[in-house]
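Residues take their numbers from the sequence shown, with the count starting at 1. What you see below is based on every heavy atom in this structure, not just the backbone, and it leaves out hydrogens, waters and symmetry mates.
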Amino acid sequence: MESLPEAVLIRILASIPAVELVLACRLVCCQWKNLIDGAALWILKCQQEGLTRAESDAENWQNFYFLSKKRKNLIKNPCGEEDLEHWGEVENGGDGWKIEELPGDFGKEFPSQEVHKYFVTSYEWCRKAQVIDLRAEGYWEELMDTTQPKIMVRDWYAGRSDAGCLYELCVKLLSENEDVLAEYKSDTVTIPQDNDASWTEISHTFSSYGPGVRFVRFEHGGQDTLFWKGWYGVRVTNSSVTVEP
């Protein structure tokens, strides 16, 4: 192995699972450590697995590889397929939260055919939240503190065409002790009565937020503005939190 050209050795190492490269192969010798810590090996693995990125944008190809492989929506039950499972700190104002099938009364279909349900609020404020444990999701402390990958937050909301409503989104990045290190809070969105019931996406990207982030707290909610008994308030679905490569 010592006599192999470096380019050949890189191709051999690229065939090994990424976790084994970092946890085992990196400890074999200084040569292997340098190759595994370098860019060439991870660029090759990205190419082999169809993970594309402009080289001028890449600072750490190893982190890019792992973040790309882990990329997923960290919000559980974003569309109400499991009722209110995984949502905590639920505030059930009025008649409380309800899950309905799209498009719903006086509503419109969602832009994606993969979304079939939504949560709907009532005549007093309804709120619900999820707290995401980043370490439990596989994002290690050194990565979050040093690389500080972008954290993208998205949510979708709509009103009924026959009723006005309010909507709010608040997302916090929290430390180990749940201190707030960064926060995004939307304005209170007012949807008038006789609106077109179309779905609107709201998004925010956290970047350069500093070391210490261990949790993401996502909260949204709303109510109707007519105080009609039942579920005439804002509709929300397809919420997402992703750690971007």
Side-chain angles (χ1 to χ4, degrees), residues 72-132 150-173 180 182-207 216-242 244:
K72 64 176 182 178
N73 185 4
L74 301 177
I75 292 285
K76 297 178 174 61
N77 187 28
C79 305
E81 297 291 347
E82 303 173 70
D83 198 51
L84 285 170
E85 188 73 19
H86 304 295
W87 291 95
E89 303 178 51
V90 177
E91 180 180 341
N92 280 310
D95 288 322
W97 287 95
K98 184 182 180 185
I99 291 86
E100 295 181 345
E101 297 274 350
L102 279 158
D105 294 338
F106 296 90
K108 282 189 176 179
E109 290 287 356
F110 192 77
S112 169
Q113 294 182 354
E114 297 178 357
V115 178
H116 306 289
K117 295 183 178 182
Y118 58 83
F119 303 91
V120 58
T121 60
S122 190
Y123 59 87
E124 292 181 353
W125 271 97
C126 298
R127 293 182 175 88
K128 58 187 177 68
Q130 275 192 44
V131 177
I132 298 163
K150 292 180 181 179
I151 299 174
M152 173 70 79
V153 177
R154 294 184 176 91
D155 201 19
W156 288 83
Y157 65 87
R160 293 170 55 118
S161 62
D162 64 340
C165 59
L166 305 175
Y167 165 83
E168 287 182 359
L169 170 67
C170 181
V171 185
K172 299 177 181 180
L173 305 186
V180 178
E183 180 178 7
Y184 168 75
K185 187 170 184 178
S186 72
D187 295 330
T188 300
V189 178
T190 302
I191 301 175
Q193 191 175 11
D194 300 320
N195 66 88
D196 65 3
S198 61
W199 287 93
T200 300
E201 183 185 40
I202 184 172
S203 66
H204 177 75
T205 301
F206 291 97
S207 61
V216 180
R217 185 181 185 278
F218 179 104
E219 179 186 294
H220 62 182
Q223 68 171 93
D224 77 43
T225 54
L226 301 174
F227 302 97
W228 289 348
K229 184 172 177 60
W231 295 274
Y232 294 85
V234 73
R235 300 166 171 186
V236 293
T237 194
N238 206 37
S239 311
S240 67
V241 173
T242 55
E244 298 292 318

| field | Exercise: do Thr242 and Glu244 side chains pair donor with acceptor under 3.5 Å | value | yes
| query | Distance only, no hydrogens: is a donor on one side chain within 3.5 Å (strictly under) of an acceptor on the other, for Asn77 and His86? | reply | no
Minimum heavy-atom separation for [X] and [Y], please, with both atom names.
{"X": "Met152", "Y": "Arg154", "answer": "CG-NH1, 3.3 Å"}
{"X": "Arg217", "Y": "Glu89", "answer": "NH2-OE1, 2.5 Å"}
{"X": "Cys165", "Y": "Thr225", "answer": "N-OG1, 3.6 Å"}

Has the side chain of [X] got a donor or acceptor atom that lies under 3.5 Å from a matching backbone atom of [Y]?
{"X": "Thr121", "Y": "Val234", "result": "yes"}
{"X": "Trp231", "Y": "Gly96", "result": "yes"}
{"X": "Asn73", "Y": "Val241", "result": "yes"}

| Between NZ of Lys108 and CG of Asp196, what distance do you get to the nearest 0.5 Å? |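 Between Lys108 NZ and Asp196 CG, I get 4.5 Å after rounding to 0.5 Å.
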| note | dist Trp156:CH2 -> Ser198:OG (nearest 0.5 Å) comes out at 9.5 Å
| request: State which residues pass salt bridge (Lys or Arg N to Asp or Glu O under 4.0 Å) with Lys150; sequence neighbours excluded, sorted by chain then number. | output: none
| query | Considering residues at least two apart in sequence or located in another chain, which fulfil the salt bridge (Lys or Arg N to Asp or Glu O under 4.0 Å) criterion with Asp162? | reply |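 Residues passing salt bridge (Lys or Arg N to Asp or Glu O under 4.0 Å) with Asp162: Arg160.
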Heavy-atom distance under 4.5 Å between the side chains of [X] and [Y], does that happen here?
{"X": "Phe206", "Y": "Val171", "result": "yes"}
{"X": "Tyr167", "Y": "Thr200", "result": "no"}
{"X": "Phe218", "Y": "Leu74", "result": "no"}
{"X": "Leu226", "Y": "Tyr232", "result": "no"}
{"X": "Leu169", "Y": "Tyr157", "result": "no"}

| query | Using 30° and 60° as the class limits, which term best fits the ring planes of Trp97 and Phe119: parallel, tilted or perpendicular? | reply | perpendicular
| Residue pairs, two or more places apart or on separate chains, that pass side chain to side chain donor-acceptor pair (under 3.5 Å) and touch residues 184-195 | Glu168-Thr188
